[in-house]
Amino acid sequence: SFMRGIDGVLHTATLHKPHVATHSRQDFIDTNITGTLNLLEEAVSAGVRTFVFTSTTSVFGRALTPSSGTPAAWITEDVVPVPRNIYGVTKLAAENLCELSHRDHKLPCLILRTSRFFPEADDRKETRDAYADDNAKVNEFLYRRADIADIVTAHLLALERARSIGFGRYIISATTPFSQNGLQELHTNTPAVVERHAPSYPDVYARRGWTMFPAIDRVYVNERARRELGWQPRVDFAYVLNCVGTGDDFRSPLAQAVGSKGYHDVVFEDGPYPT
């Protein structure tokens, strides 16, 4: 086995949502499902002690977009995924293979459902047209983004804790300031809710010519990861808002160093990738 002597596996390799338009469904199955199965079986046969699988909040799919007039979705690990595309389908299947390997072979395995941490421009043209890139990303720290340095610490903690936990799924996203009892207003009048949590935000945004999203449709809740992994993400909306106000870069040194890797060899004219 090529894994002999390996203590832990961090499985991050995947075809992503940006590949949906450029790769076949079979490519997704080969890479995301068969590739994961191969790694799990090698890990079991080599006696690997820890397996950490990087998944995505995209597995929740249609559960993330409630209809208008209803509250924003409060997304915990207990929400039932309804995958939206082949990416979500294959990542969820890979998660289930991890669970099966734990159940059948006692492989300690933790799944990290990460939210956005990439530096690329937004895939939606409406968002790119309406918001400066930093404006959109700072808005997202309220509910659906994390800094890569915090993503890294979550993975390191998962490696440490997997054997004692056994199996688990965790949402890895910046800590939201929102609570469950304001979700109706959040979905209809986001700026008012944000101002209650961050009274300085309108002034800071006005100085930059920025705007808040009018409506937020879902909130990723990281409470379980903080409680069970002991994860303490450093970057949240209050932190990035303070950076914007003082003129500092809100990205961690690691986020600045890593930069954009891109998803394709070619550059597309009408966006970061074809949709």
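- Judged purely by distance below 3.5 Å, without hydrogens or angles, the side chains of Tyr205 and Asn139 pair a donor atom with an acceptor atom.
- When the side chains of ILVMFWY residues are joined at heavy-atom separations under 4.5 Å, either directly or via intervening members, Val240 and Leu142 end up in a single hydrophobic cluster.
- Neither Val221 nor Ile75 shares a network with the other; the hydrophobic side chains, linked directly or stepwise wherever heavy atoms of I, L, V, M, F, W or Y lie under 4.5 Å apart, form separate groups for each.
- Ring-plane geometry between Phe237 and Tyr201 is classed as perpendicular, the angle between the planes exceeding 60 degrees on a 0 to 90 degree scale with a lower cut at 30.
- Residues Val194 and His197 are not in side-chain contact: their nearest non-hydrogen atoms beyond the backbone lie 4.5 Å or more apart.
- For the pair Phe28/Ile33, no side-chain contact is recorded, criterion being any heavy-atom separation below 4.5 Å from C-beta on.
- In this structure, Ala146 and Ala174 approach most closely via the heavy-atom pair CB-N, 3.8 Å.
- More than 12 heavy atoms of other residues, nucleotides or ligands shown are found within 6.0 angstrom of CD on Gln184.
- Just one of Arg169, Arg227, Arg224 meets the salt bridge (Lys or Arg N to Asp or Glu O under 4.0 Å) condition when paired with Glu77; it is Arg224.
- Of all non-hydrogen atoms in Ala255 and Asp147, the two that sit nearest each other are CB-OD2, 3.7 Å.
- Relative ring orientation between His19 and His16 is described as tilted, the plane-to-plane angle lying within the 30° to 60° band.
- For the residue pair Asp27 and Ser24, a side-chain donor N or O sits within less than 3.5 Å of a side-chain acceptor on the partner.
- Residues Phe167 and Leu110 form no side-chain contact, since every pair of their non-hydrogen atoms from C-beta on lies 4.5 Å or further apart.
- Contact between Glu185 and Ala192 at its shortest, heavy atoms only, is OE2-CB, 3.7 Å.
- No donor-acceptor distance shorter than 3.5 angstrom exists from the side chain of Thr34 to the backbone of Thr31, with no hydrogens or angles considered.
- One finds the CD1 atom of Ile86 at 5.0 Å from the CZ atom of Arg25 (value rounded to the nearest 0.5 Å).
- Taking a cutoff of 4.0 Å between a charged side-chain nitrogen and a carboxylate oxygen, Asp123 and Lys17 qualify as a salt bridge.
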Derivation of the side-chain contact (heavy atoms from CB on, under 4.5 Å) call for Glu140 and Asp122: CA-CA 11 Å; Glu140 286 176 344; Asp122 198 278; 3.6 Å; yes

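- What you find for Val80 and Ala63 is that their closest heavy atoms are O-CB, 3.8 Å.
- Summarising the geometry, atom CD belonging to Glu95 is positioned 6.5 Å from atom CZ belonging to Phe53; distances are rounded to the nearest 0.5 Å.
- A salt bridge does not link Asp203 with Arg207: none of the charged nitrogens is closer than 4.0 Å to a carboxylate oxygen.
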Under the side-chain contact (heavy atoms from CB on, under 4.5 Å) criterion, do Thr211 and Tyr131 qualify, and how do the steps go? CA-CA 7 Å; Thr211 50; Tyr131 302 91; 3.2 Å; yes

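- Side-chain atoms of Asp133 never come within 3.5 Å of backbone atoms of Arg128 as a donor-acceptor pair (strictly under, hydrogens ignored).
- Taking 4.5 Å as the limit, every side-chain heavy atom of Trp74 sits out of range of all side-chain heavy atoms of Val79.
- Closest approach of Leu241 to Ala198, counting heavy atoms only: CD2-CB, 3.9 Å.
- In this structure, a donor-acceptor pair under 3.5 Å is absent between the side chains of Thr65 and Asp217.
- In plain terms, the two heavy atoms of Ala72 and Arg218 that are nearest each other are CB-N, 4.2 Å.
- The CG atom of Asp129 sits 3.5 Å away from atom NZ of Lys125, with the distance rounded to the nearest 0.5 Å.
- The shortest distance between side-chain heavy atoms of Trp210 and Val204 does not fall below 4.5 Å.
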Could you give me the CA-CA distance, side-chain angles and deciding distance for Arg234 and Tyr239, then say whether side-chain contact (heavy atoms from CB on, under 4.5 Å) is met? CA-CA 8 Å; Arg234 295 183 57 189; Tyr239 173 89; 5.7 Å; no

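- In this structure, Thr57 OG1 and Tyr143 OH are separated by 11.0 Å, a value rounded to the nearest 0.5 Å.
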Quick one: do Leu112 and Leu229 satisfy side-chain contact (heavy atoms from CB on, under 4.5 Å)? Show the steps, please. CA-CA 11 Å; Leu112 303 185; Leu229 296 178; 4.2 Å; yes

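- A cation-pi arrangement is absent between Arg116 and Phe141, since the terminal nitrogen or guanidinium carbon is not both under 6.0 Å from the aromatic centre and inside a 45° cone about the axis.
- One side chain, His155 or Thr54, offers a donor N or O that lies under 3.5 Å from an acceptor on the other.
- Atoms CD and CG, from Gln180 and Leu186 in turn, are 12.0 Å apart once rounded to the nearest 0.5 Å.
- Residues Arg113 and Ser58 fail the side-chain proximity criterion, which asks for heavy atoms closer than 4.5 Å.
- Side-chain contact, Thr14 with Lys91: a donor N or O sits under 3.5 Å from an acceptor N or O.
- Using modelled atom types, one finds no donor on one side chain facing an acceptor on the other under 3.5 Å when comparing Thr175 with Asp236.
- Val52 and Leu97 are members of different hydrophobic clusters when ILVMFWY side chains are connected at heavy-atom separations under 4.5 Å.
- Side-chain contact check for Phe250 versus Val138: some heavy-atom pair is nearer than 4.5 Å.
- Leu254 and Ile172 fall within a single hydrophobic cluster, where Ile, Leu, Val, Met, Phe, Trp and Tyr side chains are chained together by heavy-atom contacts under 4.5 Å.
- With Phe118 as the aromatic partner, Arg145 meets the cation-pi criteria of under 6.0 angstrom to the ring centre and within 45 degrees of the ring axis.
- In this structure, Asp134 pairs ionically with Arg251, as a charged nitrogen and a carboxylate oxygen lie closer than 4.0 Å.
- Using a 4.5 Å heavy-atom threshold, the side chains of Pro108 and Arg163 count as touching.
- Distance alone, capped at 3.5 Å, places no donor-acceptor pair between the His102 side chain and the Cys109 backbone.
- Under the 3.5 Å distance criterion, the side-chain polar atoms of Thr36 are left unmatched by any main-chain donor or acceptor of Cys98.
- One hydrophobic cluster holds both Leu156 and Phe117 under the rule that ILVMFWY side chains link at heavy-atom gaps under 4.5 Å.
- Rounding to the nearest 0.5 Å gives a distance of 13.0 Å between CG of Leu37 and CG of Asn32.
- Side-chain atoms of Asp30 and Gln26 form a donor-acceptor pair, as typed in the model, at a separation below 3.5 Å.
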